[in-house]
Amino acid sequence: MAIIEVKGLSYSYPESAVPTLINVDLKVEQCEFVLMSGPSGCGKTTFCRCLNGLIPASYGGTFDGTVTVDGLSTTEHPVYEISQRVGLVFQNPENELFCTSVEREVAFGLENLALPRQEIRSRVEEALSLVGISQLKEKSPEELSGGEQQKVAIAALLAMKPKVLVLDEPTANLDPMSANSILKILVRLHRESGVTIVLVEHRLEMSAPYADRCVIFEEGRVVLNGSPQEVLYSEKANSLGIGIPQVVQVAKSLSARCGFEGRPLSSKALAEMILGAKG
Ligand SMILES: Nc1ncnc2c1ncn2[C@@H]1O[C@H](COP(=O)(O)OP(=O)(O)OP(=O)(O)O)[C@@H](O)[C@H]1O
Ligand SMILES: [Mg+2]
């Protein structure tokens with residue numbers, strides 16, 4: 001069974017004249033790494049809010065259709081129950097961090113679950129080490145860089161052991177090196193602990209090579225849904241003005257000029273295809 005199943009989802013914010021999401025159908029299988037993108041304002045953040053029940057619970061508005069996560073309907077179960085299964089990471093981690101130390105921050109959600117002390121301690125240690133920030137545990141989140149704060153936000157969610165991580169442009173405010181280090185953490189978590197990942201990103205060049213599937217929104221609808229190759233090499237993706245990786249443009253131009261047939265997503269893959277064809 002799919003871990004996330006969205007059927008006929010349409011949503012309008014209160015007092016909004018136009019719907020933000022229109023008849024969205026989407027399934028995400030357990031352990032999938034799904035990359036989501038689309039032009040600004042097309043409804044990606046709104047969709048993320050639907051995945052853990054924040055919409056409609058905290059936002060109100062008009063909600064039609066169903067969102068089911070790990071078998072639970074988000075409109076029939078409270079947000080605290082859904083959010084133990086779906087952890088949400090936003091663009092600005094400083095808005096989410098409020099404890100006096102990193103260790104307390106990561107323990108916070110677990111204390112609310114009233115878990116035994118020893119269990120809390122071991123989950124906090126494990127989450128800090130998975131994200132590679134054990135050395136920061138006594139620091140105040142305020143003193144950390146944006147990239148470090150984002151790692152704390154991810155560790156705090158991992159400690160809850162969710163089945164799905166939904167990350168809404170987690171690297172938008174970070175320099176390319178910090179963004180890459182967050183992406184590498186996600187890739188490792190996905191491979192090693194099998195967590196399902198839904199990543200909203202504009203930087204497709206960096207993330208597409210790791211995704212199992214790519215979903216593109218336009219004006220509240222899912223307009224493309226397939227393998228990263230199918231989606232990013234399509235004419236439709238080209239016309240949407242999303243950040244098509246440069247390697248895709250290069251491969252298309254090689255295809256037009258000399259019949260190159262590969263569909264690489266990274267420059268390394270392109271180089272290997274060209275060298276392979278020569279050899
Ligand atoms: N809390 C809100 N109340 C009313 N309207 C909202 C709210 N949040 C978003 N919207 C509207 O919903 C539409 C989609 O916004 P959303 O933030 O989901 O887009 P997005 O795809 O995440 O864009 P971006 O790439 O810029 O982050 C926009 O028209 C926006 O103005
Ligand atoms: Mg957004």
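Ligands are counted one by one from 1 in listed order, and the atoms in each one are counted from 1 as well.
Per-residue contacts place Arg49 under 4.0 angstrom from the following atoms of ligand 1 (heavy atoms of the residue considered): 8 (N). Close approach of ligand 1 to Tyr59 is summarised as follows: ligand atoms under 4.0 Å from at least one heavy atom of the residue are 1 (N). Counting atoms of ligand 1 from 1 in the listed order, those under 4.0 Å from a heavy atom of Ser40 are 23 (O), 24 (P), 25 (O), 26 (O). Atoms of ligand 1 found under 4.0 Å from any heavy atom of Gly43 (numbered from 1 in listed order, with element): 14 (C), 18 (O), 19 (O), 20 (P), 21 (O). Within ligand 1, counting atoms from 1 as listed, the ones closer than 4.0 Å to a heavy atom of Glu169 are 25 (O), 27 (O). Of all atoms in ligand 1, listed by their number and element, those nearer than 4.0 Å to a heavy atom of His202 are 25 (O).
Looking at every heavy atom in both residues, Thr196 comes nearest to Glu29 through CG2-O, 3.7 Å. Residue Glu219 comes nearest to Cys42 through the heavy atom pair N-CB, 3.7 Å, listed as atom of the first residue, atom of the second, then distance.
Side-chain contact between His202 and Glu169: present, with at least one pair of heavy atoms (C-beta onward) separated by less than 4.5 Å. Taking the side chain as every heavy atom from C-beta outward, Val89 and Val166 never approach each other to under 4.5 Å. Proximity of Tyr13 to Thr46: side-chain heavy atoms (C-beta onward) are separated by under 4.5 Å at one or more points. Side-chain contact between Thr171 and Ser178: absent, with no pair of heavy atoms (C-beta onward) separated by less than 4.5 Å.
Some N or O of Cys42 is nearer than 3.5 Å to an N or O of ligand 1, by distance alone.
At the top of the distance list for atom 25 (O) of ligand 1, counting protein heavy atoms only, stands Lys44 NZ, 2.7 Å. When only non-hydrogen protein atoms are considered, atom 14 (C) of ligand 1 lies nearest to Gly41 O, 3.4 Å. Scanning the protein heavy atoms around atom 12 (O) of ligand 1, the nearest turns out to be Thr20 OG1, 3.3 Å. The nearest protein atom to atom 17 (O) of ligand 1, hydrogens excluded, is given as Thr45 CB, 3.6 Å; this is a heavy-atom distance.
The protein reaches atom 22 (O) of ligand 1 closely, with a heavy atom under 4.0 angstrom from it. Distances from atom 30 (C) of ligand 1 to the protein include no heavy-atom value under 4.0 Å.
Remark: the backbone N or O of Pro170 is paired with a side-chain donor or acceptor of Gln150 at under 3.5 angstrom. No donor-acceptor pair closer than 3.5 Å links the side chain of Ser83 to the backbone N or O of Val86.
Note on Thr45: counted as a metal contact of the Mg ion (ligand 2), an N/O/S atom lying under 2.8 Å.
Remark: among candidates Phe217, Phe47, Tyr13, the nearest residue to atom 2 (C) of ligand 1 is Tyr13, based on non-hydrogen atoms. Of the candidates Leu21, Thr46, Asp168, Thr46 brings a heavy atom nearest to atom 15 (O) of ligand 1.
If you look at Tyr210 and Phe33, their ring centroids are not closer than 6.0 Å. Between Phe108 and Phe98, a ring centre-to-centre spacing shorter than 6.0 Å is recorded.
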